[in-house]
Structure formats: structure tokens, C-alpha cells
Amino acid sequence: MPELAEVEYYRKQWDTGVGERIRAVAVHPDKRIFRECNAAQLVTELEGRSLCGSLTHGKQMLFEFSDGAWLRLRLGMTGNLSAANKDYEPSKHDHLVFECDSVALVFNDSRQFGSCRLHIGKELPSWWSSLPPQILDPRFTLEHCREALRRRSRSPLKSILLDQSWFPGIGNWMADEILWRTALHPALLGGSIRGSALKSFFNKTIEVARDALEVIGTDWGTPPTSWLFPHRWNDGGICPSTGEPLVRETIGGRTTCYCPTLQTLP
DNA sequence: CATCATGTTATAAT
DNA sequence: CATTATAACATGAT
């Protein structure tokens, strides 16, 4: 499920474990979420350490452990984090569980598109510090957006917004929400956007990120019906702005929902 | 049984 | 080389 706001929500689910010592790490070592790291090494490295804190960058999370250990998690399509009782029995898709003194921290991912990466060292891993600016970072500027659209000038806007190297944390629903609020057709090419459309694209990207974090990232609240969000999931949705039927089609390889009255092609 | 799913990446093609 | 398009990944819901 996770885009930047959902990821922020899930990150906080492990806050109850901050300061706790990890007595044991339970893994399903052959599962695909460990394809980028060694599950056995992860277990031996992290057992006995304490969880110190965590942060997010787009759809990625980084957990810091005592004495210089860092674990980056991605949730893929179906991953989620939760806290459970300390004697929790891992179920089928609980591929990584930290058994702490008073809680169990659970990473569950049925489709296993999520992943882990371990870094041992006192400082933030360099691959984390060199990530591109987050959308709510002051370094995320109009110029940054202009460059993204220039470099990807022959791609549809929908694909560009899903490009994590330019728009970290934007996923399928946020991209649709941004384009709908900007009144830009998702199939428009990046190279066709300039002037006031570019400014709007930039502003709405930030607005949607902020709104999503407020409503979903805090306590997984329900987005208001004035957003595209609650109307976009199934066929038959009605645009809350125009009252016209929404359209769902594949653009940039992903199901895309937009209002054909509001978002038109030249 | 077939289709679809809030994501990323390896590979091929341009 | 830089950019773009597509298939593949593993599982569950409809």
C-alpha cells in the first residue's frame, strides 16, 4: 500500500520499540525481502542491540540501532510494520520480527516486493545521505521540477511523478491526485509543461505531499471527499470537482484515474 | 480460471 | 551514454 504518508505511518508503529533491547530476531531467511542482504548476518548483527530511532525518505525507512548499525526497509506493494505483544508468534508473512523486552516489532509483506539493507558503521550510510531532496525539503524547488521534466521530456507526466529519483515517495494515488489538482492530463509529455502549468505542477506536488502526511501519515485518517483519492479506486467514480464520470486507463504502465473534462489533451 | 493490485528493477530498445 | 518501455517478481482479492 505504501506511499510517503503510509510509510511515515508505518515507521511510527515501531516507535514503541525505541530504547528497547532486541533479545532475538526471527526471520524467514529464504524469502524475497532478503534478496539484497544476508538474513543470517542481519540476525547476528542486530541481536543484542537496541533500537535508537528511525527516519523516512520517500518510501524508504531507516532504523538506527545502538553501536552503529542501520537497517533500511522498503515496503514494496504490500509491506507493513506493526507492534505486537512480546511473545508474538510470527505468522506466514511476518518475515522479520524483532523480539524486544516488552514488544515485538513485525515486518509483514505477503507479496515480498519489500526489501532490507543493512549497514554497519557509526555514521549515516552514504547511500542514505546522498538521496535526492524530499518533496517537503527546501531543496525541492521549482528548478528541480523543471529539470525533472526536461530530463524526462518524452515521458508522460504520470511516469515522471512515479520516478523515485526525482519525486521520492510519490506513488500511484498521489500522482493521480497531483495531476487532477493541477488539471493536467496524465499522458501529457514532460517536455510540454512550462510557465504557469509548471508552477502549478510544482505547488500541487508539495501540497499533496503535505496533505497526505497530515491526514494519513499521522493516524491513517480518512481523506476528505473533496480529494480525488476516495473516488479513484473503482470504475464508476465521479469527479468531485466537475461532477463528471472519472476515467481509468493504463498510462505509464499503471492504472491511472483522471477527469477527462478537467484534464484535457491539446 | 482470469484479472488486477498504493512498487522496483533488470533488460532491451531507442 | 542517456532515456524510455516492458516483463518479472509472489501472493491475495475479486
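Naming: A, B, ... by sequence-line order, numbering from 1 per chain.
- Nearest nucleotide to the side chain of H93(A), out of dT11(C), dT4(C), dT9(B): dT11(C).
- Computed from coordinates, the N172(A) CG to dT8(B) P distance equals 11 Å when rounded to whole Å.
- Residues W70(A) and F63(A) place their aromatic rings such that the two centres sit no closer than 6.0 Å.
- Residue contacts shown for R35(A) are absent, as no nucleic acid heavy atom lies under 4.0 Å away.
- Considering CG of D176(A) and OH of Y258(A), their distance stands at 10.5 Å, rounded to 0.5 Å.
- Taking atom C1' in both dA13(C) and dT8(B), one finds a spacing of 22 Å when rounded to whole Å.
- With dA5(B), dT11(C), dA5(C) as the candidates, the nucleotide lying closest to the side chain of P156(A) is dA5(C).
- Within 4.0 Å of G253(A), counting heavy atoms only, lies no atom of the nucleic acid at all.
- For the pair N234(A) CG and dT3(B) P, the computed distance is 19 Å after rounding to whole Å.
- Note on R74(A): every side-chain N or O is 4.0 Å or more away from OP1 and OP2 of dT8(B).
- Rounded to an integer number of Å, the gap from CG of L189(A) to C1' of dT4(C) is 11 Å.
- Nearest nucleotide to the E3(A) side chain, out of dA10(C), dT8(B), dG7(B): dG7(B).
- Nearest-nucleotide positions on DNA chain C place G252(A) closer to the 5' end than the other of R32(A) and G252(A).
- Across all strands shown, dA10(C) forms no Watson-Crick or G-U wobble pair with both distances under 3.5 Å.
- Aromatic ring centroids of Y10(A) and W220(A) lie under 6.0 Å apart.
- Nucleic acid contact for S159(A): none, since no nucleic acid atom lies under 4.0 Å from a heavy atom of the residue.
- Screening K158(A), E177(A), E3(A) against N172(A) for a side chain to side chain donor-acceptor pair (under 3.5 Å) leaves a single residue, K158(A).
- Here dC4(B) presents its P atom at 15 Å from CZ of R232(A), a figure rounded to the nearest Å.
- In terms of phosphate contacts, T78(A) brings no side-chain nitrogen or oxygen within less than 4.0 Å of OP1 or OP2 of dT11(C).
- Across dT8(B), dT4(C), dT11(C), the shortest atom-to-atom separation from the side chain of R154(A) is found for dT4(C).
- Listed nucleotides dA10(C), dA5(C), dG7(B) differ in distance to Q112(A); the shortest reach to its side chain belongs to dA10(C).
- With distances taken from any side-chain atom of K31(A) to the nucleotides dT8(B), dT11(C), dA5(B), the minimum falls on dT11(C).
- Aromatic ring centres of H144(A) and W166(A) lie closer together than 6.0 Å.
- For the pair F202(A) and I178(A), the minimum side-chain heavy-atom distance is 4.5 Å or more.
- Across dT11(C), dC4(B), dT8(B), the shortest atom-to-atom separation from the side chain of T255(A) is found for dC4(B).
- When the C1' atom of dT14(B) is taken as reference, atom CZ of R152(A) falls 14 Å away, rounded to whole Å.
- Among the nucleotides dG7(B), dA5(C), dT9(B), the one closest to the side chain of E36(A) is dT9(B).
- Residue side chain F113(A) fails the stacking definition with respect to dT8(B), as its ring centre and the base's six-membered ring centre are not both under 5.5 angstrom apart and under 30 degrees in plane angle.
- In this structure, the NE2 atom of H57(A) is 16 Å from the C1' atom of dT8(B), given to the nearest Å.
- Comparing dG7(B), dT3(C), dT8(B) by their nearest atom to the side chain of R151(A) picks out dT3(C).
- Atoms CE (M77(A)) and C1' (dA8(C)) sit 12 Å apart, rounded to a whole Å.
- Geometrically, R232(A) does not engage W180(A) in a cation-pi contact defined by less than 6.0 Å to the ring centre and at most 45° from the axis.
- One can place CD1 of I33(A) at 15 Å from P of dT8(B), the figure rounded to the nearest angstrom.
- Residue-to-nucleotide contacts include a donor-acceptor pair under 3.5 Å from the side chain of R111(A) to the base of dA5(B).
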